[in-house]
Amino acid sequence: MNLRLSNDFWLDMFRQIVSNPNYGTLPPTGKCIVVEYCSPNTNKPLHLGHVRNMLLGWSVAAILAAAGNEVHKVLIYNDRGIHICKTMAAWLAVGKGDTPESTGKKGDFLVGEYYIKFAELHAQQKQNLIEGGMSADEAEQATPIFKAAQELLRQWEANDPKTRQLWEMMNAWVYPGHNETYAKLGVDFEKRYYESETYLGGKQMVESGLAKGVFYRKENGAVAIDLSAEKLDEKILVRGDGTTIYITQDLAAADMRYNDYQMDTSIYVVGDEQNYHFKVLKAIMQHLGYPFADQIYHLSYGMIDLPTGRMKSREGTVVDADDMIAEVIATAQAHTEALGKTEGFTPEASQNLYRIVGLGALKFHLLKINPQKRIIFNPEESIDFLGHTGPFVQNCHARIQSVVRKYKAEHQLDGTIQLNPTDLHPAERNLFVQLYRYVPALQVAAQTYDPAAIADYAYQLAKLYNHFYAECPILSNKDPQLNHFRTVLSLTVARLLRQSMGLLGIELPDRM
RNA sequence: GGUCCCAUAGCUUAAUGGAUAGAGCAACUGCCUUCUAAGCAGUAGGUUACUGGUUCGACCCCAGUUGGGAUCACCA
């Protein structure tokens, strides 16, 4: 009796899901959320750490939007500063006028080469100075290449036209390179901020903070705030010489963002090495009385390390995003060909499948893990395509589409379900329950800013479907109503698979 | 030294304070003459780092210990 009532309930629930094309989209909350993710420097290509950052940020934005929020995705470019000037100095020293056009190299990679070149030149020159009798500390600041970089920074800040021109030229090489990587990964930004446009704005905020008595001036003219009540100590906001520092620029950027969006919540997807920085940022914004300050949220994620330790771009030990993407697509191709899955595919369709499966594997691999956990990436070991993976879910979708194609070749699908609840198979009932759990899963993911909750949902759904698929014939029952019902069930599972995996930025192929 | 994060099976991991801690990989056994085997079914593998505490009940909350990581610039 219990079972029967229960089956009635679930069958009714299923009918509602089938007849509601908007199932899984939550009603508007009226809240405006800005998500900043990926804050690259313009002196090198994007690497695997950025990939985690971008996938996480993009996915959280998608989840929040599905949960009924107005979401704006933004990016900030660290396009100025000593790191850029180092690259410029190296290019002036040994670049021989090379450009992406003249070398045929992708712009961000070409610029990145000079960042490494700078480190090499600096190390050499430092060694020479030390051999000449200078102390290591002194030599660190005294190499000709370092001095050239410092001079470029001074000239940049003084608006020297030639320096600005060089800077703009090299940055202009980087942006198309990064854009290509964003496109490959399928991430996008509504608005791009540039530090070169925000870094001066902090001074006004400092003035108003001083006027409000939130900040105070030290003996040497530096401006500070006392955050010892928050266990964050005293923070300097402006140096004794009147120049601003990193935190001040971020305050200015936050202020500018508020002017642009008047958001209720501001999310920063940034690595956990900056936990302290964002605590300070939030505390200062609270002291300054910004309405959204309490809703500043640092979505902190763990670094991706190599088995040998941290990736260091200066030492050339980084895994470049482009290489990673290319490799995972190549691996997808090898697996797919070994399984003979692309018979009858056009070359274009095959390439597209490799791309979808490769990226699916990569994205699922990075998003299924709780963001705060650090990931050790071993380049020797390729990413899995079996078991708890993106391709597992993709394959489930493809086999559903295959069954549905066969049904549609012979019959009409009208979506009506005629089934006696007592005839419900346990595997079918389990699928009903999992379909119903989509909304709670989405709510949890939105509340905790955690795509892993969605990845787990999609995996569970695919796993339950595969069990059903093995247990229950879909097309070969004597009862045509049963065939129809199981096809509708399959279609609905496919829909929720697409919906959930879509929140992770993962496409699902119709054949694989 | 101060602050913060992490620790679950050999490996990677899951679990609003509530049922026998759930998966995947690796290992072993079965299943393609019916819908896609990137799959399914099964075997084996756990003192949830350690010690206490709170609770009717703790992987989960609290305190301490150990191990790993991050951070604490008038750097970014």
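Scope of the values below: all heavy atoms of this structure, side chains included, with no hydrogens, waters or symmetry mates. Letters A, B, ... are given to chains in the order of the sequence lines, protein chains preceding strands, and every chain is numbered from 1.
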Enquirer: Look at the side chain of A/T336 and the base of B/A38, then say whether one donor and one acceptor between them are separated by less than 3.5 Å.
Expert: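 Indeed there is one.
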Enquirer: In whole angstrom, give me the gap between the P atoms of B/C61 and B/C5.
Expert: 11 Å
Enquirer: In whole angstrom, what separates A/K406's NZ from B/U36's P?
Expert: 3 Å
Enquirer: Taking N and O atoms by type only, does the side chain of A/D241 place a donor or acceptor under 3.5 Å from a partner on the base of B/C74?
Expert: no
Enquirer: Side-chain N or O of A/S402 less than 4.0 angstrom from OP1 or OP2 on B/U36?
Expert: yes
Enquirer: Tell which nucleotide pairs with B/C4, taking only Watson-Crick or G-U wobble pairs whose two distances are both under 3.5 angstrom.
Expert: B/G69
Enquirer: On RNA chain B, compare the nucleotides closest to A/Y459 and A/L475; which residue's is nearer the 5' end?
Expert: A/Y459
Enquirer: I'd like the C1' distance from B/A14 over to B/A21, given in whole Å.
Expert: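 B/A21 and B/A14 have their C1' atoms separated by 9 Å.
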Enquirer: Look through every strand shown and name the nucleotide pairing with B/G22 as Watson-Crick or G-U wobble, where both distances are under 3.5 Å.
Expert: B/U13
Enquirer: Just checking A/I474: base, sugar-phosphate only, or nothing, at a heavy-atom cut-off of under 4.0 Å?
Expert: base
Enquirer: Could you give the distance from SG (A/C472) to CZ (A/F485), rounded to the nearest 0.5 Å?
Expert: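 Separation between the atoms: 9.0 Å.
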Enquirer: A/H277 side chain N/O closer than 4.0 Å to the phosphate oxygens (OP1, OP2) of B/A76?
Expert: no
Enquirer: Nearest-nucleotide wise, let me know which of A/K235 and A/K463 is further upstream toward the 5' end of RNA chain B.
Expert: A/K463
Enquirer: What is the distance, to the nearest angstrom, from the CD1 atom on A/I82 to the P atom on B/A73?
Expert: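 These atoms are roughly 21 Å apart.
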Enquirer: Whole-Å distance between B/U71 C1' and A/Q274 CD?
Expert: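 In whole Å, B/U71 C1' and A/Q274 CD are 11 Å from each other.
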Enquirer: Do any side-chain nitrogens or oxygens of A/N395 fall under 4.0 Å of OP1 or OP2 in B/U36?
Expert: no
Enquirer: Give me the distance, rounded to whole Å, that separates B/A9 from B/A23 when you measure between the P atoms they each carry.
Expert: 16 Å
Enquirer: Would B/C32 be called syn or anti, given that syn covers angles within 90° of 0?
Expert: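 What B/C32 shows is a syn base, its glycosidic angle lying within 90° of 0.
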Enquirer: Would a line drawn from the ring center of A/F468 to the ring center of A/H425 be shorter than 6.0 Å?
Expert: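 Distance test on ring centres: not under 6.0 Å, no.
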Enquirer: What integer distance in Å separates A/Y301:OH from B/A70:C1'?
Expert: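 It is 14 Å, rounded to the nearest whole Å.
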Enquirer: Rounding to the closest angstrom, what is the interatomic distance between B/A26 and B/C40 at atom P?
Expert: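 Result for the P pair: 13 Å, nearest Å.
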Enquirer: Which nucleotide in the list B/A76, B/C25, B/A38 gets nearest to the side chain of A/D384?
Expert: B/C25
Enquirer: Of the nucleotides B/A37, B/A76, B/C35, which one has an atom closest to the side chain of A/V403?
Expert: B/C35
Enquirer: What interatomic distance, in whole Å, is found between P of B/U71 and the corresponding atom of B/A38?
Expert: 44 Å
Enquirer: If I take atom CZ in residue A/F364 and atom C1' in nucleotide B/U12, what distance separates them, rounded to the nearest angstrom?
Expert: 13 Å
Enquirer: Please say whether more than 12 non-hydrogen atoms of neighbouring residues, nucleotides or ligands are located less than 6.0 Å from CG in A/D241.
Expert: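 Atom CG in A/D241 is crowded, with more than 12 foreign heavy atoms closer than 6.0 Å.
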Enquirer: Classify A/G81 by what it touches in the nucleic acid, base, sugar-phosphate, or nothing, heavy-atom distance under 4.0 Å.
Expert: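 Since no nucleic acid heavy atom lies under 4.0 Å of A/G81, the category is nothing.
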Enquirer: Using the C1' atom in both, what is the distance from B/A49 to B/C59, to the nearest Å?
Expert: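 Those two atoms are separated by 12 Å.
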Enquirer: Please tell me which of the listed nucleotides, B/G39, B/C72, B/C35, lies nearest to the side chain of A/F392?
Expert: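 Of the options given, the side chain of A/F392 lies nearest B/G39.
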Enquirer: Distance check: side-chain N/O of A/K373 vs OP1/OP2 of B/A14, anything under 4.0 Å?
Expert: yes
Enquirer: Examine the base of B/U3 for any acceptor or donor lying under 3.5 Å from a partner atom in the side chain of A/K279, and report the outcome as yes or no.
Expert: no
Enquirer: Determine the interatomic distance between C1' on B/A41 and the same-named atom on B/U55; round to the nearest Å.
Expert: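 The same atom, C1', in both gives a distance of 41 Å.
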Enquirer: Please name the nucleotide paired to B/G42 by Watson-Crick or G-U wobble geometry with both distances under 3.5 Å, or report none.
Expert: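 B/G42 is paired with B/C28.
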Enquirer: Side-chain contact, heavy-atom cut-off 4.5 Å: A/L46 with A/P40?
Expert: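 Side-chain contact under 4.5 Å: yes.
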Enquirer: Could you give the distance separating B/G10 and B/G46 at their P atoms, to the nearest angstrom?
Expert: 7 Å
Enquirer: Hey, what do you get for CG (A/L508) to SG (A/C396), rounding to the nearest 0.5 Å?
Expert: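 Between A/L508 CG and A/C396 SG, I get 9.0 Å after rounding to 0.5 Å.
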Enquirer: Which of these nucleotides, B/A38, B/A76, B/G39, is closest to any side-chain atom of A/N466?
Expert: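 The listed nucleotide nearest to A/N466's side chain is B/G39.
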Enquirer: Please report the distance, rounded to the nearest Å, between CD1 in A/I376 and P in B/A7.
Expert: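 Whole-Å distance recorded here is 14 Å.
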Enquirer: Strictly below 4.0 Å: does A/R374 bring a side-chain N or O up to OP1 or OP2 of B/U13?
Expert: no
Enquirer: If every non-hydrogen atom of A/L435 is compared with every non-hydrogen atom of A/V493, which pair is closest and at what distance?
Expert: CD2-CA, 4.2 Å
Enquirer: Under 3.5 Å for both donor-acceptor distances, Watson-Crick or wobble: does B/C61 have a partner, and if so which one?
Expert: B/G53
Enquirer: Within less than 4.0 Å of OP1 or OP2 of B/C6, is there a side-chain N or O belonging to A/Q372?
Expert: yes
Enquirer: Students often get this wrong, so: under 4.0 angstrom with heavy atoms, is A/D450 touching a base, only sugar-phosphate, or nothing?
Expert: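 Touches nothing.
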Enquirer: Rounded to the nearest 0.5 Å, how far does NE2 of A/H397 lie from CG of A/N395?
Expert: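 That separation rounds to 11.5 Å.
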Enquirer: B/A37 C1' sits how many Å from A/Q394 CD, rounded?
Expert: 17 Å
Enquirer: Might you confirm whether atom CZ of A/R495 has over 12 heavy atoms from other residues, nucleotides or ligands at distances under 6.0 Å?
Expert: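 Atom CZ in A/R495 is crowded, with more than 12 foreign heavy atoms closer than 6.0 Å.
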Enquirer: Please confirm whether the shortest side-chain N or O distance from A/K341 to OP1 or OP2 of B/A37 is below 4.0 Å.
Expert: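 No, A/K341 has no side-chain N/O under 4.0 Å of OP1/OP2 on B/A37.
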